[in-house]
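Note that the coordinates shown come from a computational prediction; the quantities given were computed from them, not determined experimentally.
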Amino acid sequence: MEIHPIRNDDDHAAAVREIEKLWGAAAGTEEGDKLDILATLVEKYEDRRWPNVDVSDPIDLLNYAIEELGHSQAELAELLGSRSRASELLNRRRPLTVEMIHKISESWKIPADLLVKPSRVAA
């Protein structure tokens with residue numbers, strides 16, 4: 001793999017796969033240097049892609065995706081099958097299901113492990 005800037009999710013995925021291959025490489029070796037560089041690039045991309053997002057709450061993350069990443073509540077409704085389901089989810093009246101998590105993760109490129117966490121309950 002050539003090292004180049006990470007500009008999109010496909011570049012990110014390729015860099016993460018390469019990091020996995022290089023994991024454990026000795027410091028100071030060509031592989032160790034490549035690992036350090038790729039890890040830095042991935043960290044920078046992730047900071048730009050998901051800046052200051054409270055990843056401890058999946059609903060906050062979904063709201064961030066809608067407000068900042070160009071997604072919409074209508075798009076979420078289409079993924080989940082109805083507008084009311086999307087509204088209930090965003091208003092914390094309905095929990096995320098495994099099926100919802102899978103659909104959102106695949107479509108919006110949000111890591112599923114960030115959506116699996118328990119979310120705050122509506123007050």
Side-chain angles (χ1 to χ4, degrees):
M1 174 184 175
E2 290 182 28
I3 296 178
H4 57 84
I6 299 174
R7 294 185 177 98
N8 56 48
D9 289 340
D10 291 335
D11 291 346
H12 176 260
V16 169
R17 283 191 301 274
E18 189 67 18
I19 286 171
E20 289 171 351
K21 291 177 192 173
L22 295 168
W23 198 253
T29 65
E30 187 176 332
E31 292 83 11
D33 291 346
K34 188 174 182 181
L35 175 62
D36 285 344
I37 293 166
L38 285 172
T40 301
L41 290 173
V42 165
E43 182 179 13
K44 179 131 178 94
Y45 176 78
E46 289 174 350
D47 287 346
R48 262 193 342 267
R49 179 79 162 94
W50 298 289
N52 301 319
V53 178
D54 179 6
V55 295
S56 65
D57 185 87
I59 304 307
D60 288 345
L61 181 58
L62 290 177
N63 282 313
Y64 174 81
I66 290 168
E67 294 166 9
E68 302 294 331
L69 299 180
H71 296 291
S72 68
Q73 187 168 341
E75 184 182 350
L76 181 63
E78 187 175 323
L79 281 174
L80 302 181
S82 77
R83 292 178 62 148
S84 62
R85 186 169 295 141
S87 179
E88 290 171 343
L89 179 66
L90 293 173
N91 289 310
R92 302 176 187 279
R93 291 188 201 106
R94 175 185 289 270
L96 278 164
T97 66
V98 172
E99 183 179 350
M100 289 176 186
I101 291 168
H102 179 72
K103 287 178 180 180
I104 294 166
S105 177
E106 288 294 312
S107 179
W108 290 9
K109 307 295 185 215
I110 296 174
D113 61 323
L114 299 178
L115 298 170
V116 172
K117 299 176 181 179
S119 60
R120 293 190 318 269
V121 179

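With hydrogens and angles ignored, the 3.5 Å screen pairs no side-chain donor or acceptor of S105 with any backbone N or O of P111.
Evaluated for a side chain to side chain contact (heavy atoms under 4.5 Å, CB included) with Y45, the options T40, D11, D9, V16 yield exactly one hit, D9.
Contact check on K109 versus D10 returns no salt bridge, with no Lys/Arg side-chain nitrogen under 4.0 Å from an Asp/Glu carboxylate oxygen. With respect to the salt-bridge test (charged N to carboxylate O, under 4.0 angstrom), the residues R92 and D57 qualify. For E30 and K34, the salt-bridge test fails: no basic side-chain N is under 4.0 Å from an acidic carboxylate O.
Here CG of L90 is found 6.5 Å from CD1 of I59. Values are rounded to the nearest 0.5 Å. Distance CD/E106 to NE2/H102: 4.5 Å, rounded to 0.5 Å. The structure places CD of E99 at 10.5 Å from CD1 of I104, a figure rounded to the nearest 0.5 Å. The structure places CG of L96 at 12.5 Å from NZ of K103, a figure rounded to the nearest 0.5 Å. How far CG of L114 is from CG of L61: 6.0 Å, rounded to the nearest 0.5 Å.
Listed by chain and residue number, nothing satisfies the side chain to side chain contact (heavy atoms under 4.5 Å, CB included) test with D33 (two or more places apart in sequence, or in another chain). Partners of E68 according to the side chain to side chain contact (heavy atoms under 4.5 Å, CB included) rule, which considers only residues two or more places apart in sequence or in another chain, are Y64. With sequence neighbours left out, E31 forms a side chain to side chain contact (heavy atoms under 4.5 Å, CB included) with L22, A25, T29. For the side chain to side chain contact (heavy atoms under 4.5 Å, CB included) test, residues two or more places apart in sequence or in another chain that qualify with V116 are I101.
Annotation: side chain of R94 is in contact with side chain of M100 (closest heavy-atom distance under 4.5 Å). In this structure, the side chains of L69 and I110 stay at 4.5 Å or more apart for every pair of heavy atoms. Residues L62 and L115 meet the side-chain proximity criterion, which asks for heavy atoms closer than 4.5 Å.
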Table please: side-chain donor-acceptor pairs of residues 74-82 below 3.5 Å, with sequence neighbours left out.
| from | atom 1 | to | atom 2 | distance (Å) |
| --- | --- | --- | --- | --- |
| E75 | OE1 | H71 | ND1 | 3.1 |
| E75 | OE2 | H71 | ND1 | 3.1 |
| E75 | OE2 | W108 | NE1 | 2.8 |
| S82 | OG | S84 | OG | 3.4 |
| S82 | OG | R85 | N | 3.0 |

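Contact detail for P95 and L89: the closest heavy-atom pair is C-CD1, 4.0 Å. Across P118 and P58, no two heavy atoms sit closer than the pair O-CD, 3.7 Å. When all heavy atoms are compared, the tightest approach of H12 to I6 is N-CG2, 3.5 Å. Closest of all the heavy-atom pairs between V42 and A15 is CG2-CB, 3.7 Å.
For CZ of R7, the number of neighbouring non-hydrogen atoms (other residues, nucleotides, ligands) closer than 6.0 Å is 12 at most.
Sorted by first and then second residue, the ring-ring contact (aromatic ring centres under 6.0 Å, His included) pairs with a member in residues 15-35 form an empty list; sequence neighbours excluded.
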